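Below is one structure, written out as structure tokens; comments come after it.
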Amino acid sequence: MSELLSTALVTGGSRGIGKAVAETLARAGHQVYLTYVSKPVEAETVVEGIRAAGGKAAAFQLDVGDSEAVADFFHTEIRDKVALDVLVNNAGITKDGLMLRMKDADFDQVVQINLRGAFLCLREAAKIMTKQRRGRIVNITSVVGQMGNAGQVNYSAAKAGLIGLTKSAAKELAARSITVNAVAPGFVETDMTAGLSDEVRKAYAEAIPLRRLGTAQDIAEAVAFLASPGASYITGQILGVNGGMYC
Ligand code: NAP
């Protein structure tokens, strides 16, 4: 296995936090495989940027909510082809709305992508990392999975579920020197939060002790630390990167 290239897989690496994570892990020396679901041009632009900076990267279309597609991707592109040293479960969506009016489909889809998608990728990665007897898994949860948020019962339930998944998987995989941690961002400036009005954005910033929304790079630095050699004794932890809004 040692001759295979050390690779970090970042789901949802075409934009926002996943893009910053992919670029940061590439700078740390990993070959980066990033996935996207609907935006190939954005994904290829990230890949080209990493290559232009001297790194190695490739983009793959993968809907993390599709269990057959996830299994097929790991079988075709990862298993026996690269050393999968890092998995970052970053792909996520929101479908916000007040609970009393929330449609079943909007609840199910958010859980399907944010929670079940992370489970599917984690399970496939664990099969490979268990054989390697090493690996780092970082799940991107959210501050709203810790503190709740009106209008996001689906998303906060999925992100809270991801915290339980992280802690349980950490216990199952520790004996094989695989760490499983989560990063819990606060409110971060990406497409996901681009729809917030200036008024809401200002109210959020005022409620954050560090007085600003986070950047994608703020989150990427925490992920890169958990994937680094210095974090080898950290597992089952939830690292809040939220400007102090929840501690
Ligand atoms: P974003 O800018 O909306 O990007 C979402 C990424 O996920 C894109 O790369 C998208 O791919 C991908 N994606 C969406 N559905 C997918 C699916 N079914 N299968 C595979 N990939 C899929 O989001 P972001 O703000 O960077 O958020 C990244 C992660 O951080 C998410 O898990 C989110 O819940 C979490 N988070 C964000 C914030 C925040 O304030 N932004 C706060 C806390 C946690 P395409 O480009 O192809 O659509």
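Order of appearance sets the numbers: ligands from 1, and atoms from 1 within every ligand. Note that this is a predicted model, so its numbers are computed, not measured. Every heavy atom of this structure was used, including side-chain atoms; hydrogens, water molecules and symmetry mates were not.
Classification of Lys19 and Glu42 as a salt-bridged pair fails, no side-chain N sitting under 4.0 Å from a carboxylate O. In this structure, Lys127 pairs ionically with Glu124, as a charged nitrogen and a carboxylate oxygen lie closer than 4.0 Å. Look at Glu23 and Arg27 and you find no salt bridge, because none of the NZ, NE, NH1 or NH2 atoms lies under 4.0 Å from a carboxylate O.
At least one donor-acceptor pair closer than 3.5 Å links the side chain of Asn154 to the backbone N or O of Lys95.
A side-chain donor from one of Ser6 and Asp85 sits under 3.5 Å from a side-chain acceptor of the other. Glu221 and Thr24 are not linked by any side-chain donor-acceptor pair at a separation below 3.5 angstrom, with hydrogens and angles left out of the test.
Sorted by chain and number, the residues within 4.0 Å of ligand 1 by heavy atom are Gly12, Gly13, Ser14, Arg15, Gly16, Ile17, Tyr36, Val37, Ser38, Lys39, Leu62, Asp63, Val64, Asn90, Ala91, Gly92, Ile93, Ile113, Asn114, Ile140, Thr141, Ser142, Tyr155, Lys159, Pro185, Gly186, Phe187, Val188, Thr190, Asp191, Met192, Thr193.
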